[in-house]
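In what follows, a structure is listed as structure tokens, so that the remarks can point back to it.
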Number of protein chains: 2
Amino acid sequence: MTTLPVPDSELLRLDHQVCFQLHAASRAFGSVYRDALKDLGLTYPQYLAMLVLWEHGAQPVKAIGEQLRLDSGTLSPLLKRLEGAGLVRRERSTEDERSVTVHLTAAGEDLRERALPVPRRMLAATGLTVEELRMLRGLLGRVTAALDEV
Amino acid sequence: MTTLPVPDSELLRLDHQVCFQLHAASRAFGSVYRDALKDLGLTYPQYLAMLVLWEHGAQPVKAIGEQLRLDSGTLSPLLKRLEGAGLVRRERSTEDERSVTVHLTAAGEDLRERALPVPRRMLAATGLTVEELRMLRGLLGRVTAALDEV
DNA sequence: TGCAACTTGGTTGTACACAACTCAATAACC
DNA sequence: GGTTATTGAGTTGTGTACAACCAAGTTGCA
């Protein structure tokens, strides 16, 4: 399979355009989420952590970190803020004293319903079709996996 | 044009998967850039600011902010750090005293050559073809534009 | 001319994100 | 059993992001 030759200059430009667009899109999402989540008193990363807990129930900090691709340096203060807001409870595990299990409180469970309209609102805001969203998800997943190899 | 019905649950899941992948991909890029730019002593946002200056020459803070989609709250300290590193010089404009023009220093100009290999390295790290990169750029551009409308 | 509205850049406060480190607990090995 | 290595959270320091606000300069209009 032969491809048209791509000028070097365009190739280099393409790279930083993609990186930049990624950066910009990520922040644009953050901005819209900030608005959508304002009433819930959550930031976007906090919402992601709550999603994990709503979906899979109580689990150790480590497991949350793996799913969100975040380390303890980010998660520890974030979870502390969620605890301060009364949404989660942290309990050191009895079987492995190194591990801390994060539980939802009743308030944390209750918040789930109020968060239900958020995804649909975001979905509409992207202006993409379902096909395009699937493609985007696929491309992003591959990029992340490839970058993680480096 | 009729489409297959998409279950509600998948739709909602798709949204937060896309948002999450975007977030994750953006951070994955940041991580690889951090490595690629370490020798230059630049962070990724600082590199973006330098790109703007390398490409279009000296310009006011406002213009840089528009291109990078960043406000003064982020740019002011960032540019101060670049100035501290001796890469740029900030000069208040004489014709409009509100405006501050950012110039490259000789060291800032020189850094350009040392930064040349970076894009190719990043391009390779993504593991995508040129077609895929173009498509990704296009989708991301549309998403950002749509989100900015909100 | 004089004043209100707007623009530009800066500061402050809060919240990620991550590297580098510490500390305690557990696992692995001889 | 005792020593070493590894693991899980947390802390500290630096650097984005961004909202909210401020000060000074400019513009526009009555």
Side-chain angles (χ1 to χ4, degrees), chain A residues 19-20 22-35 37-38 41-50 59-66 68-85 88 90-102 147-148, chain B residues 19-20 22-35 37-38 41-50 59-66 68-85 88 90-102 147-148:
Chain A
C19 302
F20 173 73
L22 204 50
H23 198 61
S26 176
R27 284 184 293 126
F29 258 111
S31 167
V32 179
Y33 262 117
R34 208 184 333 281
D35 203 52
L37 295 171
K38 199 170 44 190
L42 293 177
T43 65
Y44 176 54
Q46 287 168 8
Y47 170 71
L48 288 179
M50 293 300 286
Q59 55 195 295
V61 174
K62 163 107 174 147
I64 300 175
E66 276 163 0
L68 299 185
R69 220 178 156 285
L70 290 172
D71 69 356
S72 66
T74 302
L75 276 180
S76 288
L78 186 153
L79 292 172
K80 256 164 125 172
R81 280 187 282 270
L82 288 180
E83 189 172 41
V88 306
R90 292 182 304 155
E91 264 174 18
R92 203 155 278 275
S93 162
T94 49
E95 31 190 81
D96 185 343
E97 295 266 348
R98 293 169 301 182
S99 176
V100 169
T101 306
V102 183
L147 291 174
D148 277 343
Chain B
C19 302
F20 173 73
L22 203 50
H23 198 62
S26 176
R27 285 184 292 125
F29 258 112
S31 166
V32 179
Y33 262 116
R34 209 184 332 280
D35 204 52
L37 295 171
K38 200 170 44 190
L42 293 176
T43 65
Y44 176 54
Q46 288 167 7
Y47 170 72
L48 288 179
M50 293 299 287
Q59 56 195 296
V61 174
K62 163 110 172 142
I64 299 175
E66 276 164 0
L68 300 185
R69 221 179 158 283
L70 290 173
D71 69 355
S72 66
T74 303
L75 275 180
S76 288
L78 187 153
L79 292 171
K80 257 164 124 174
R81 280 187 280 272
L82 288 180
E83 188 172 42
V88 308
R90 291 183 304 155
E91 264 174 18
R92 202 157 278 276
S93 161
T94 50
E95 32 189 81
D96 185 342
E97 294 268 347
R98 293 170 302 180
S99 176
V100 168
T101 305
V102 183
L147 291 174
D148 277 344

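A, B, ... follow the sequence lines: proteins, then strands. Residue 1 opens every chain.
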message: OP1 or OP2 of dT11(D) versus the side-chain N and O atoms of K80(A): is any pair under 4.0 Å?
response: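 So the side chain of K80(A) is within the cut-off, an N or O lying under 4.0 Å from OP1 or OP2 of dT11(D).
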How many whole angstroms separate atom [atom1] of [X] from atom [atom2] of [N]?
X: Q59(B); N: dG9(C); atom1: CD; atom2: P; result: 11 Å
X: D96(A); N: dT26(C); atom1: CG; atom2: P; result: 5 Å
X: R92(A); N: dT26(C); atom1: CZ; atom2: P; result: 10 Å
X: E95(A); N: dT26(C); atom1: CD; atom2: P; result: 10 Å
X: R90(B); N: dG10(C); atom1: CZ; atom2: C1'; result: 9 Å
X: E97(A); N: dC23(C); atom1: CD; atom2: C1'; result: 14 Å
X: I64(A); N: dG8(D); atom1: CD1; atom2: C1'; result: 13 Å
X: K38(A); N: dA15(C); atom1: NZ; atom2: C1'; result: 17 Å

task: Going 5' to 3' through nucleotides 15-20 of chain D, assign each nucleotide B (protein heavy atom under 4.0 Å from a base atom), S (under 4.0 Å only from sugar-phosphate atoms) or - (no protein heavy atom that close).
output: SBBBB-
- request: Could you give me the CA-CA distance, side-chain angles and deciding distance for E83(B) and V102(B), then say whether side-chain contact (heavy atoms from CB on, under 4.5 Å) is met?
  value: CA-CA 9 Å; E83(B) 188 172 42; V102(B) 183; over 6 Å; no
field: From dA9(D), dT26(C), dG9(C), nucleotide with atom closest to K62(A) side chain
entry: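 That would be dA9(D).
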query: Which nucleotide in the set dG10(C), dA9(D), dA25(C) lies at the smallest distance from any side-chain heavy atom of V61(B)?
result: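 Output: dG10(C).
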query: With sugar-phosphate meaning primed atoms plus P, OP1 and OP2, does E66(A) contact a base, only sugar-phosphate, or nothing at under 4.0 Å between heavy atoms?
result: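 Answer is nothing: E66(A) stays at 4.0 Å or more from every strand.
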Residues 26-34 of chain B side chain polar contacts: donor-acceptor under 3.5 Å, at least two apart:
residue	atom	partner	partner atom	Å
R27(B)	NH1	R69(A)	O	2.8
R27(B)	NH2	L68(A)	O	3.0
Y33(B)	OH	D15(A)	OD2	3.3

Stepwise side-chain contact (heavy atoms from CB on, under 4.5 Å) check, T43(A) with R81(A): CA-CA 11 Å; T43(A) 65; R81(A) 280 187 282 270; over 6 Å; no
- request: Apply side-chain hydrogen bond (donor to acceptor under 3.5 Å, both in side chains) to R98(B) and list each qualifying residue two or more places apart in sequence or on a separate chain.
  value: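 Testing R98(B) for side-chain hydrogen bond (donor to acceptor under 3.5 Å, both in side chains), a comparison that skips the adjacent residues, returns D96(B).
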Student check: side-chain heavy atoms of L37(A) and Q46(A) closer than 4.5 Å: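 Not in contact.
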message: Less than 4.5 Å apart, side chain to side chain, heavy atoms only: is that true for I64(B) and L70(B)?
response: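 Side-chain contact under 4.5 Å: no.
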NZ-CG distance between K62(A) and D71(A), expressed to the nearest 0.5 angstrom: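 Rounded to the nearest 0.5 Å, the NZ-CG separation comes out at 11.0 Å.
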- prompt: For the side chain of R98(A) and the base of dT7(D), is some donor closer than 3.5 Å to an acceptor across the two?
  reply: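 Indeed there is one.
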